[in-house]
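Working notes, structure below.
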Protein chains: 2
Amino acid sequence: MIAKKKINIYDVARIANVSTATVSRVLNNKSSVSPETRRKVQEAIKQLNYRPSAIARGLVLKHTKTVGILATDITAPNYARTACAMERELFQIGYNAILCNTGGSIENNKTYLQMLVNLGVCGIICIGSVFKNTLQETLMLSEFSHVPFVLSHCQIPADNTYSVVIDEMHGVQLCVEHLKEKGHKDILYVKDADTYSGERKKAAFKENMARLGLPITDKSIFNTYRSFEGGIAVVKEILASGARFSAIIFGDDITAAGGLFALKKAGYKVPQDVAIIGYNNSPSSICCDPQLTTVDNKTDIMGNLSVKLLQTVIEGKETTRLLSVTPELIVREST
Amino acid sequence: MIAKKKINIYDVARIANVSTATVSRVLNNKSSVSPETRRKVQEAIKQLNYRPSAIARGLVLKHTKTVGILATDITAPNYARTACAMERELFQIGYNAILCNTGGSIENNKTYLQMLVNLGVCGIICIGSVFKNTLQETLMLSEFSHVPFVLSHCQIPADNTYSVVIDEMHGVQLCVEHLKEKGHKDILYVKDADTYSGERKKAAFKENMARLGLPITDKSIFNTYRSFEGGIAVVKEILASGARFSAIIFGDDITAAGGLFALKKAGYKVPQDVAIIGYNNSPSSICCDPQLTTVDNKTDIMGNLSVKLLQTVIEGKETTRLLSVTPELIVREST
DNA sequence: TACTTTTATGTAAGCGTTTCCCTTTACTTA
DNA sequence: TAAGTAAAGGGAAACGCTTACATAAAAGTA
C-alpha cells in the first residue's frame, strides 16, 4: 500500500489558480464559468488525476447518487435478472446501485434497510417479498417511509407504497387456458413459495379454474418448497393422494423440473400422459426433456419499470402507485 | 414525503447534556466514559431514534465500512452464489457490500471501479475476469492499486495482486480421469468462454490428456459461446467435423445441456453412445435427462476465502498472494 | 455619461462525524 | 500534605465538498 495523499479540490484550485468554488462549478457543469477558466480547471484536474470524493459530496448534498436494491435471493435467476436490468437502467440515468442480498430474514432486512438509509441512498427498491410476514412488512417499511422506495415483484396492503408487479392473474390464466385448449380438465397446481406472488398465483389458479368451469377439489392444490427435491416430493405426494390429474402447473421451473423427473421415474410420459407447466422461464426450463412450457415474467421490463417508477417518486412527481406488467406464456414441449 | 429533520449528534448531545465528543465516544465504544454518562447518552439516542450518518463518518474516517464486489455477470449461477457467500461473510465481519454488475465491458468496469473508490470502499473484490484483455486488466488495476483488492475466479500476471481461484487443473483432471476409468479414449473439450478460467481449463485439458496418454488432435478442442444454443451449435460442428469421440467435456453446464439436446436429437444415446460432463454444478445440470455429471467449484468456499483474504490485505498483514480451492466431481447419469 | 444589469469569480459557512488536545476532578503515594 | 497520575469529558479543528452571498468587472441602456 503506497501511502498516496488523496488530492482534493483545494489542490486543483491551487494549480488552476482559481477558487474551490470555481472548480466545483466546472465539476458540476454549472453556468457562468468562462471558457478560458473552465479549460484551465479541466487541465488541472487531468494533470492531478483528481476525482471528487463522493462521500464529501454526499455529506453536503445529503445524498449520494445511489439507490439501494434489496433482494431476497439473488440466486434465483428471476430476481438476478431483474436486479441486473435495474442496475443497467440506474446506471443509465446516472445512479449507482447498491445491491443487497438479504436472504429474507427480518433482522437482516432491517439492518440492510438501515444501512442503506445511513449511506444516504436516494431511494430503495425491494425485489421480492422482503419480509415473510406482511404485517411486519408494512410496519417495517413505514419506519423508513421518508426515503422513496418501490416494491418489485411484490405488493403490500398499505397505501403509501409504490409497486410494480407481474400480473400473476394473467400468467396463470394463460396456463389454464392453454391447458384447457389442449383438452385437459383435471389440472393441479403446486404452490412452492410462501411469498406474495406464491399466494397470488394460487388464488389466480382457483379463480381461473372456476371461471372456465373446470373442476377444483381439495386435491387440486398441493404445497411444497421451491427446489428440485421439492418437486420430486410433491409429485410423490400427488401420486399417493390418488388425485385425478392430466396436467400440473408448478410455481417455478426448478420445482417443475423435479416434478418432471419424478413423473418420468414413475412411468408417466410427458406430455402424453400428463402435461407440465413451469414458471419464470429460467435457464433450467430449457434443459429439461421435454423442454418445459413456462411463463416468462419479463424481468427486464420489471426492472426498467421499477427504476422509472422510483425515479418519479424521487422527483416528487405524481404517479400511479401500481404498475402491472403482463407475462407471456412460452409454449414448449411439455404440454 | 414528510419533511423529517434528520437528527444529528448535536441533538443527542443536547438531550443527554454532554458534548458531541462524548456521544461519539459512546457510539464507538471508546473507553473513558462513565457508566452513568453512557447510560444517559444511550437513552437520548433511543429517545430520538438517532442513527449516525455513515456519510459524515466516512468523510472523517476516509472510508465507509463497505467493500465493493465487482461481478462480470451476476446472472451466472456460479457467480451469483459466490457473490452471495461473500456478502454473507462480509456482513458477518461488519462490512457492507456493494455489488456491481459490470457486464464485462471495459468502460463499465472502469466507471464502476472509480465509483467504488469515490464511495470510499475499504476494498474491492472482482468476481470473474473483469476485463476481457489481460493486459488491459493489469493496467487498469494498477491504476487503482492503492485500494486493497482481490481477484476471485481469476488471476492475472501481475505480482501486486491477490487472488483466490479454483484449481481448474484439478477439476479437469478429475473429469479426464473419470472418463478414462469409464473406458473412454476419444475425449473432446468444448471451450465456451474467453475468460481466465476458460483458458485455464483448456490448458488443463491438454495437459491431462497428454499425461494419461490419451490422444489429442486438432479435432480435440472446439470453441463456442456459453449458452444452450452455443451447445447445440458446437455439437453440430463436432458432428460435421468427423471427429472421433466417445465423450465430451463442456466448459459449463448450460452449454453441456445444449450439447446434450443436440446429441439426443441426432440419435445418440447418453451416456451409452457418448458421455458428457458439464461444469459448475448449476441448477440446470440436475434438470437434464440424463442428469449431468459436473464439477462443483465450491462457490461458498471461494466467497468466504476471498473475503478472508481481502480482510488480511486491508489489515495490512502479510499473506499468501494466491489461494487455490479444490473442486469436486459430481458424478451423475451422463457418464 | 451615469445608471442598471449581467457575468465571472471569490469568501466562507455549513454538512455530521471523529479525534486531538486541553482542563478539571479524583485518587495515589511518598 | 504536596506532587503526580489517571479518568472523564469538553472545545474545536478537520474531513472534502457545495453554495449563498458578496464583489468586481464588463456590458447594456437611456
Side-chain angles (χ1 to χ4, degrees), chain A residues 3-42 44-45 48-66 114-115 117-122, chain B residues 3-42 44-45 48-66 96 114-115 117-122 146:
Chain A
K4 210 175 182 176
K5 192 226 172 239
K6 170 85 177 160
I7 58 160
N8 60 23
I9 203 171
Y10 284 95
D11 300 321
V12 177
R14 188 157 29 75
I15 297 295
N17 208 9
V18 296
S19 74
T20 63
T22 302
V23 176
S24 176
R25 280 190 269 256
V26 347
L27 242 32
N28 296 287
N29 269 314
K30 290 283 166 64
S31 55
S32 71
V33 174
S34 76
E36 166 62 9
T37 316
R38 166 158 288 147
R39 203 192 47 70
K40 268 198 315 187
V41 172
Q42 273 159 348
I45 289 177
L48 294 174
N49 191 28
Y50 162 76
R51 310 285 171 184
S53 149
I55 301 183
R57 183 173 280 169
L59 183 56
V60 18
L61 261 23
K62 298 290 210 33
H63 71 258
T64 51
K65 205 85 158 69
T66 57
Q114 194 60 259
M115 152 195 145
V117 173
N118 295 346
L119 233 42
V121 295
C122 312
Chain B
K4 209 174 181 175
K5 192 224 171 239
K6 170 84 178 161
I7 58 160
N8 60 22
I9 203 170
Y10 283 95
D11 301 320
V12 177
R14 188 159 28 74
I15 297 294
N17 208 10
V18 296
S19 74
T20 62
T22 302
V23 176
S24 175
R25 279 191 272 255
V26 346
L27 242 33
N28 296 287
N29 269 315
K30 290 286 167 64
S31 56
S32 70
V33 174
S34 76
E36 165 63 10
T37 314
R38 166 158 288 148
R39 203 192 46 70
K40 270 198 312 186
V41 172
Q42 273 159 348
I45 289 176
L48 295 175
N49 192 26
Y50 163 75
R51 311 284 171 184
S53 148
I55 301 182
R57 183 174 279 169
L59 181 56
V60 19
L61 260 26
K62 300 290 211 30
H63 70 257
T64 54
K65 205 82 156 70
T66 57
N96 295 139
Q114 195 59 259
M115 152 196 144
V117 173
N118 295 345
L119 233 41
V121 295
C122 311
H146 57 288

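Below, chain A is the first sequence line, B the second, and so on; all start at residue 1. These figures come from a predicted structure and were not determined experimentally.
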Rounded distance (Å) that lies between atom [atom2] of [N] and atom [atom1] of [X]:
X: B/Lys30; N: C/dT17; atom1: NZ; atom2: P; answer: 15 Å
X: A/Leu61; N: D/dC15; atom1: CG; atom2: P; answer: 20 Å
X: A/Asn8; N: D/dG16; atom1: CG; atom2: P; answer: 5 Å
X: A/Ile9; N: C/dT11; atom1: CD1; atom2: C1'; answer: 14 Å
X: B/Asn29; N: D/dA8; atom1: CG; atom2: P; answer: 14 Å
X: A/Ile7; N: D/dC15; atom1: CD1; atom2: P; answer: 15 Å
X: A/Glu36; N: D/dA25; atom1: CD; atom2: C1'; answer: 17 Å
X: B/Arg14; N: C/dT17; atom1: CZ; atom2: C1'; answer: 17 Å

Nearest non-hydrogen partners of A/Val41 and A/Ala16, listed with the distance: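 That closest heavy-atom pairing would be CA-CB, 3.9 Å.
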Determine the minimum heavy-atom distance between B/Leu119 and A/Ala54, stating which atoms define it.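 For B/Leu119 versus A/Ala54, the nearest heavy atoms are CD1-CB, 3.6 Å.
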[X] [atom1] to [Y] [atom2] distance, which is reported to the nearest 0.5 Å:
X: B/Thr64; Y: B/Ile55; atom1: OG1; atom2: CD1; value: 9.5 Å
X: A/Thr22; Y: A/Lys40; atom1: OG1; atom2: NZ; value: 9.0 Å
X: A/Gln114; Y: B/Asn96; atom1: CD; atom2: CG; value: 11.0 Å

Nearest-neighbour nucleotide for the [X] side chain, [options] considered:
X: B/Thr37; options: C/dT18, D/dA8, C/dG16; result: D/dA8
X: B/Ser32; options: D/dA8, C/dT18, C/dA8; result: D/dA8
X: A/Ala56; options: D/dG16, D/dT19, C/dT17; result: D/dG16
X: A/Val33; options: D/dG16, C/dT9, C/dT17; result: C/dT9
X: A/Ser34; options: C/dA8, C/dG10, D/dT19; result: C/dA8
X: B/Arg25; options: C/dG16, D/dC17, C/dC21; result: C/dC21
X: A/Lys62; options: D/dC17, C/dC15, C/dT19; result: C/dC15
X: A/Ser19; options: C/dG10, D/dG16, C/dT18; result: C/dG10
X: A/Ala21; options: C/dT18, C/dA12, C/dC15; result: C/dA12
X: B/Tyr10; options: D/dC17, C/dT17, D/dG10; result: C/dT17

Donor/acceptor link under 3.5 angstrom from B/Arg51 side chain onto base of C/dG16: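 Answer no: no donor N or O sits under 3.5 Å from an acceptor.
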Is there a donor-acceptor contact under 3.5 Å from the side chain of A/Asn28 to the main chain of A/Lys30?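 Side chain of A/Asn28 to backbone of A/Lys30: no pair is present.
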If only side-chain N and O atoms of A/Thr20 are considered, is one of them under 4.0 Å from the OP1 or OP2 phosphate oxygen of D/dG16?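 So the side chain of A/Thr20 is outside the cut-off, no N or O lying under 4.0 Å from OP1 or OP2 of D/dG16.
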Whether B/Thr22 contacts D/dG9 is assessed here as follows: a side-chain N or O lying under 4.0 Å from the phosphate OP1 or OP2. Is that the case?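 Negative; the distance criterion is not met.
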Whichever of A/Asn17 and B/Asn28 has its nearest DNA chain C nucleotide further upstream toward 5':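 Its nearest nucleotide being more 5', the pick is A/Asn17.
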Hey, does A/Ile55 reach any base, or is it just sugar-phosphate, or nothing, if we go heavy atoms under 4.0 Å?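 Nothing: the residue A/Ile55, judged by heavy atoms under 4.0 Å, touches no strand.
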